[in-house]
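Since we're looking at a predicted model, the values are computed, not measured. In this chain, numbering begins with 1 at the start of the sequence shown. When reading the values below, keep in mind they use all heavy atoms of this one structure, side chains included, and skip hydrogens, waters and symmetry mates.
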Amino acid sequence: MKMSINRRQISRRSILAGAAALGLTGTLAACGGSDDDSGGSDSGPVKLTYWSWAPNMEKVAAIWNKKNPDITVTVSKQASGGEIVSKLITAKKAGNAPDLIQVEYQSLPTLVSNDVLADITKYAGDTKSQFADGLWGMVTLGTDALYAIPQDAGPLMFYYREDLFKKHGLSVPKTWTEFAETARAARKAVPDAYLTTFSSNDPGLFAGLAQQAGGKWWTVGSGGNWTVGIDDAATKQVAEFWGGLVQEGVIDNQPMYTPAWNNALNKGTHLAWVSAVWAPGVLVSSAPDTKGKWRMAPLPQWKSGENVTGSWGGSSTGVSTDSKHAEAAAKFATWLNTDPEALAALVKEVAIYPAATKGQSGDVLTTPEFFSNQADFYTTAGQIAATTAAAAWGPNVNTAYTTFQDAFGKASKAKKEAQFDSALATVQAKTFADMRKQGFEVTEA
């Protein structure tokens, strides 16, 4: 499996480099709750607070609380995305961050750099064996530390209208070269339709595609110096590929999640969608008339014979450095994301696709109603999830994503491959400049 993150053994100190410039106090080696004995064994009743945006998470916590009266967890509902990250950093500066935190994978480096997340390695036991290597790499950041337990996964896949592919004699692409050929064939067979669209309004999809290609957007060296390589060769390949198809006119350039996009999916003027395992839930509301007409297949590969995918979305459960009960918190985080009963509850109540390998199969994962024609949906999904490459996230993902939306939004409207390339260079330049401004030791790849 390709790994897109630096796997050298590096210290927590190197990940925290630049934290002082972000307004933190104390030494970088002072890592809080789980890095000393203050987060050790808890002898009496413990009450933990868990910040989460996931619906019905309190129902899952209730299962734990009933079985563990000495360690009770209260779920505090929060907003997701950048809002919870900003709120957590503020809470850390005030010394009152919650014990447990739901964290998106791309937000982990930001929170580690701000000393919000504790290293829970000594409480993890053999937890690593329960996850695919790529997912585990996202919560270790390529270090010998562990900053969270993976919760849900979003492996990328290829969704297509089985009925329309058969009607027009289209082949399911196994490589990106074949994908381009299918896009041209679809445009020729149905002049008012496209295979799919390039969308600039959700950078997560593009990031996942770059991840699959081997892109290393951020890496950190043993001395704490970061390298920003968003415009690396792998990502340029992805940008130029999609830019070329948009310029050629065989791929649409409209953004996702709009009424026009919903209509295209529902009427069949978009014949496919590169998306993640959670796509069936979107299709239910976006394309209600197409139930039973879609199928899912592995993501096309850059080279024939390869078997790797990227990810779009997903989150983990971390323990804060402010927690006075790090061991108890880590115990809950591990239970939540590995225990069979907890995994079943996460699927049923929270509607997630578990990151734990054993949670990706079994009776609880029933075939999505929208894919009634594909009984092996989750069997195939589990096989794909196992090939997820590790992403290389950095401490200012929000800056990169905001810049992406603006620069690639203009490029997609212009329908020029060259502008896709320059848009990528813009994301690189602004992300690099922002890290320097924050005080990180940073170079460009």
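- Between S80 and E104, the side chains place no donor N or O within less than 3.5 Å of an acceptor N or O (distance only, hydrogens not considered).
- Taking NE2 of H270 as the start and CG of N262 as the end, the distance is 11.0 Å to the nearest 0.5 Å.
- There is a side-chain donor-acceptor pair under 3.5 Å between T321 and K92.
- No donor-acceptor contact under 3.5 angstrom links the side chains of Q106 and W217, judged on distance only.
- Between T402 atom OG1 and K430 atom NZ the span is 10.0 Å, to the nearest 0.5 Å.
- Ring-plane geometry between W302 and F241 is classed as perpendicular, the angle between the planes exceeding 60 degrees on a 0 to 90 degree scale with a lower cut at 30.
- The environment of NZ in K267 is sparse: at most 12 heavy-atom neighbours from other residues, nucleotides or ligands sit within 6.0 Å.
- Judged purely by distance below 3.5 Å, without hydrogens or angles, the side chains of S412 and N253 never pair a donor atom with an acceptor atom.
- Between atom OG1 of residue T182 and atom CG of residue L195 there is a gap of 6.5 Å, rounded to the nearest 0.5 Å.
- Using a distance-only test at 3.5 Å, with no hydrogens or angles considered, no donor-acceptor pair links the side chain of T399 to the main chain of T431.
- Counting heavy atoms from C-beta on, the side chains of L108 and L141 come closer than 4.5 Å.
- What you find for Q301 and E306 is that their closest heavy atoms are CG-O, 3.3 Å.
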Dump the intermediate steps for side chain to side chain donor-acceptor pair (under 3.5 Å) on T235 and D232, then the final yes or no. CA-CA 5 Å; T235 309; D232 62 10; 2.7 Å; yes
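- In terms of modelled atom types and a separation under 3.5 Å, the side chain of D339 and the main chain of E341 share a donor-acceptor contact.
- A153 and V277 make their closest contact through O-CG1, 3.6 Å (heavy atoms, listed as atom of the first residue, atom of the second, distance).
- In this structure, S311 and M138 have side chains that are in contact, with non-hydrogen atoms separated by less than 4.5 Å.
- In this structure, the side chains of S199 and W261 stay at 4.5 Å or more apart for every pair of heavy atoms.
- Residues N396 and W218 come closest through the heavy atom pair OD1-NE1, 3.1 Å.
- In this structure, K293 places its NZ atom where more than 12 heavy-atom neighbours from other residues, nucleotides or ligands lie under 6.0 Å away.
- Of the possible polar contacts, none joining the Q78 side chain to the W53 backbone as a donor-acceptor pair under 3.5 Å is found.
- Inter-residue side-chain proximity for H325 and V319 is flagged as unmet; no heavy-atom pair is nearer than 4.5 Å.
- Distance alone, capped at 3.5 Å, places no donor-acceptor pair between the S316 side chain and the Y105 backbone.
- Nearest heavy-atom pair, P155 versus I384, reported as atom, atom and distance to 0.1 Å: CB-CG2, 4.3 Å.
- The ring pair (Phe, Tyr, Trp, His ring centres under 6.0 Å) search around F206 returns F404, F408, not counting sequence neighbours.
- Of the candidates L164, L265, N266, T290 forms a side chain to side chain contact (heavy atoms under 4.5 Å, CB included) with just one, namely N266.
- Although no hydrogens or angles enter the test, the distance criterion places a donor-acceptor pair under 3.5 Å between the side chain of T196 and the main chain of A272.
- Remark: side-chain polar atoms of Q360 are paired, donor with acceptor, to backbone N or O of P354 under 3.5 angstrom.
- Ring planes of W242 and F198: tilted class, angle from 30 to 60°.
- Between Y159 and F377, the ring planes lie tilted relative to each other; the angle falls in the 30° to 60° range.
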Take Q151 and T317 through the test side chain to side chain donor-acceptor pair (under 3.5 Å) and record every step on the way to the result. CA-CA 6 Å; Q151 184 165 104; T317 310; 2.8 Å; yes
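- Once rounded to the nearest 0.5 Å, the distance linking NZ of K47 with CG of D70 reads 12.0 Å.
- Under 3.5 Å, the side chains of D119 and T121 contain a donor-acceptor pair of N or O atoms.
- Distance check: F440 CZ to N225 CG gives 12.5 Å after rounding to the nearest 0.5 Å.
- L111 contributes atom CG, which lies 5.0 Å from atom CG of L117 (distance to the nearest 0.5 angstrom).
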For side-chain contact (heavy atoms from CB on, under 4.5 Å), just list the numbers for V46 and K324, CA-CA rounded to whole Å, side-chain angles, deciding distance to a tenth of an Å, and then say yes or no. CA-CA 10 Å; V46 171; K324 295 180 174 59; over 6 Å; no
Give the C-alpha distance, both sets of side-chain angles, the deciding distance and a yes or no for side-chain contact (heavy atoms from CB on, under 4.5 Å) between T367 and Q374. CA-CA 7 Å; T367 302; Q374 190 171 8; 5.6 Å; no
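- At least one test fails for K67 against the ring of W335: distance under 6.0 Å to the centre or angle within 45° of the axis.
- Using modelled atom types, one finds a donor on one side chain and an acceptor on the other under 3.5 Å when comparing E162 with N373.
- You'll find the side chain of V139 stays beyond 4.5 Å of the side chain of I149, heavy atoms only.
- A pairwise comparison of heavy atoms in K358 and P340 identifies NZ-CD, 4.2 Å as the closest pair.
- In this structure, the ring pair (Phe, Tyr, Trp, His ring centres under 6.0 Å) partners of Y160, at least two apart in sequence or on a different chain, are F158, F165.
- Between the side chains of Q254 and T197, no donor N or O sits under 3.5 Å from an acceptor N or O.
- Under the 4.5 Å side-chain criterion, counting only non-hydrogen atoms from C-beta, P150 is not in contact with N337.
- Counting heavy atoms from C-beta outward, L156 and L205 have side chains that approach closer than 4.5 Å.
- Between I89 and K93, the closest side-chain pair of non-hydrogen atoms falls below 4.5 Å.
- The heavy-atom pair separating Y50 from Q102 by the smallest distance is CE1-N, 3.6 Å.
- No donor-acceptor pair under 3.5 Å is formed between the side chain of D99 and the backbone N or O of L48.
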